[in-house]
J.: 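Dropping a structure here in C-alpha cells format, bear with me for questions.
No hydrogens, no waters, no symmetry mates; every other heavy atom, side chains included, goes into these values.
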Amino acid sequence: MPVTLSVVMPVYNEARSIATVIERVRTAPIDLPTELIVVDDASTDGTRQLLEALPAGTLQLLVHPVNRGKGAAIRTGLAHATGDIILIQDADLEYDPRDYPLLLEPLLEDHADVVFGNRFHGGPHRVLYFWHYAANRGLTLLTNLLTGLNVTDMEVGYKVFRRDVLRRLTLTADRFGFEPEVTVKVAQLGCRVYEVPIRYYGRTYQEGKKITWRDGVAALGHLLRYRFFA
C-alpha cells in the first residue's frame, strides 16, 4: 500500500492568499496520494465563500460556526484526516509547499516520527521583527530545557507527524498554543524528532500577520502547563 498524506490547513480571514496557497499545495512536488482538509475558523472576509466556489474534489472543507482559534481548527482537521502522514499547512503565503519533499523525507525513510521545519538554518527567509525572533529563541530555549529536546524553531508552522503519533496525543490548546503543546507532548512520548531547513516568507501586520506579543506570553504559560500540570 502506498503511503498517503493528509494536509490539514486551518484558515481564518485569508481571502487574499487562500486560492494561491491551495494551488501551491495541489502542485507540490511530491508523488504521494494526498488529501487536503481545510478548516475555516469562522472567517468574516469572504474566505469561506472562496473555498466553497472551488471545483468539487479540490479539498474537504470543514467550517466552524464561531471562531475558536488555530489549535481548535487543527484538531477539527485531524479528526477527519485519513493519511499515514499528516502535515500542518498555514493558509497564508509564509510557508512554501515546495518544501514538502524535505519535510517528508525523514518520515518516508523511517528516521523520524515527527518533523519540524526550521526557518533559520539553510532556507531563504524574510528579515522581519527582531523582537519576534528574540521571543521565539527564548521560548525555544525554554522548550529544550523543559523537554530535553534540541529543537531550533519551536514555533514554526510546518510540523509533520506520523498519524499513529497524533492518535496517542490528547490536544487541547485552542489558539497558537498548539505549537508548544504538541512539542511538549511528542517529547513526552519519546518520539524521534527531526528538523529540516525551509523557506520562510514572513509577512507584516499590514499584510495580515495575526500572532501578537500576547500569544508569546500565552506560549510561556502553555509550556509550563503542559510540562508540569497537564
Side-chain angles (χ1 to χ4, degrees), residues 4-15 17-19 21-26 28 32-95 97 100 103 113-117 154-186 189 191 208-211 215 218-219 222 225-226 230:
T4 56
L5 173 67
S6 295
V7 177
V8 174
M9 183 186 299
V11 181
Y12 178 66
N13 285 353
E14 297 290 358
S17 62
I18 190 64
V21 74
I22 286 173
E23 179 61 22
R24 291 181 181 178
V25 170
R26 288 172 54 81
L32 294 178
T34 302
E35 65 176 0
L36 173 58
I37 300 170
V38 178
V39 184
D40 181 75
D41 194 28
S43 294
T44 59
D45 68 341
T47 296
R48 176 178 173 181
Q49 289 73 21
L50 290 172
L51 290 166
E52 291 174 335
L54 292 171
T58 302
L59 52 86
Q60 180 180 354
L61 176 60
L62 307 171
V63 177
H64 284 175
V66 296
N67 181 260
R68 295 169 54 196
K70 178 180 179 179
I74 289 173
R75 289 200 307 275
T76 296
L78 294 179
H80 290 78
T82 63
D84 302 304
I85 297 173
I86 299 175
L87 183 152
I88 310 301
Q89 170 72 54
D90 284 358
D92 52 45
L93 299 176
E94 292 190 328
Y95 295 94
Y100 284 7
L103 290 161
D113 303 307
V114 180
V115 175
F116 285 23
M154 181 273 289
E155 291 281 8
V156 67
Y158 265 160
K159 291 184 173 71
V160 195
F161 309 86
R162 294 191 187 280
R163 186 182 178 201
D164 62 297
V165 168
L166 290 172
R167 283 177 171 173
R168 297 165 63 193
L169 300 180
T170 300
L171 300 172
T172 62
D174 283 341
R175 284 180 51 79
F176 295 105
F178 170 80
E179 314 298 352
E181 178 185 18
V182 79
T183 304
V184 169
K185 290 184 174 180
V186 298
L189 286 182
C191 294
K209 193 171 189 68
K210 298 180 179 70
I211 196 166
D215 296 297
H222 288 309
R225 173 190 172 193
Y226 291 116

J.: Using every non-hydrogen atom in the two residues, find where P10 and A91 come nearest and quote the distance to one decimal.
T.: O-CB, 3.6 Å

J.: Testing the basics here: between F178 and A173, what is the closest heavy-atom pair and its distance to 0.1 Å?
T.: N-CB, 3.7 Å

J.: Hey, does D90 have a side-chain heavy atom less than 4.5 Å from the side chain of K70?
T.: yes

J.: For residues 74-86, which residue pairs qualify under salt bridge (charged side-chain N to carboxylate O under 4.0 Å, His left out), counting only residues two or more places apart or in two chains?
T.: R75-D174

J.: Checking K159 side chain against M154 main chain: does a donor-acceptor pair fall under 3.5 Å?
T.: yes

J.: Dump the intermediate steps for side-chain contact (heavy atoms from CB on, under 4.5 Å) on T172 and R225, then the final yes or no.
T.: CA-CA 12 Å; T172 62; R225 173 190 172 193; 4.0 Å; yes

J.: Which residues pass the salt bridge (Lys or Arg N to Asp or Glu O under 4.0 Å) test with E181, sequence neighbours left out?
T.: K185

J.: How long is the straight-line distance from CG of L5 back to CD1 of I86, given to the nearest 0.5 Å?
T.: 9.0 Å

J.: With rounding to the nearest 0.5 Å, note down the distance linking OG1 in T4 to CZ in R163.
T.: 8.0 Å

J.: Taking side chain to side chain donor-acceptor pair (under 3.5 Å) as the definition, give me every residue that meets it alongside T170, ordered by chain and number, with sequence neighbours left out.
T.: none

J.: Compare all side-chain heavy atoms of D113 with those of V186 and state whether any distance is below 4.5 angstrom.
T.: no

J.: Just to verify, what does D45 make a salt bridge (Lys or Arg N to Asp or Glu O under 4.0 Å) with, not counting sequence neighbours?
T.: none

J.: What heavy-atom pair brings E179 and G157 nearest, and what distance separates the two atoms?
T.: OE2-CA, 4.3 Å

J.: Check whether any side-chain heavy atom of I74 sits under 4.5 Å from a side-chain heavy atom of L171, and report yes or no.
T.: no

J.: Can you list everything that forms a ring-ring contact (aromatic ring centres under 6.0 Å, His included) with Y226? Sequence neighbours excluded, please.
T.: H222

J.: Determine which pairs satisfy ring pair (Phe, Tyr, Trp, His ring centres under 6.0 Å) with at least one residue from residues 72-95, sequence neighbours left out, and list them in order.
T.: Y95-Y158, Y95-Y200

J.: If we only count heavy atoms from C-beta on, is the T44 to N13 side-chain gap below 4.5 Å?
T.: yes

J.: Got V21 and M9 here, is their nearest side-chain heavy-atom distance under 4.5 Å?
T.: yes

J.: Quick one: list whatever passes side-chain contact (heavy atoms from CB on, under 4.5 Å) with R24, sequence neighbours left out.
T.: T20, L93, P97

J.: Any non-hydrogen side-chain atom of E14 less than 4.5 Å from a side-chain atom of S43?
T.: no

J.: Check side-chain contact (heavy atoms from CB on, under 4.5 Å) between R168 and all other residues, then give those that pass, not counting sequence neighbours.
T.: L189

J.: Could you pull out all residues at least two apart from E23 that satisfy side chain to side chain donor-acceptor pair (under 3.5 Å)?
T.: none

J.: Among V115, I88, I85, L87, exactly one meets side-chain contact (heavy atoms from CB on, under 4.5 Å) together with F161. Which residue is that?
T.: I88

J.: What residues, two or more places apart in sequence or in another chain, satisfy side chain to side chain donor-acceptor pair (under 3.5 Å) together with T34?
T.: none

J.: Sort out for me which residue in D40, T76, V8 forms a side-chain contact (heavy atoms from CB on, under 4.5 Å) with L62.
T.: T76

J.: With a 3.5 Å cut-off and sequence neighbours excluded, list the donor-acceptor pairs that the side chains of residues 49-60 form with protein atoms.
T.:
residue	atom	partner	partner atom	Å
E52	OE2	R48	NE	2.9
T58	OG1	P55	O	2.6

J.: Compare all side-chain heavy atoms of L32 with those of Y100 and state whether any distance is below 4.5 angstrom.
T.: no

J.: Between Q89 and V25, is there a donor-acceptor pair closer than 3.5 Å when you use the side chain of the first and the backbone of the second?
T.: no

J.: Excluding sequence neighbours, so at least two apart, what forms side chain to side chain donor-acceptor pair (under 3.5 Å) with D41?
T.: H64, N67

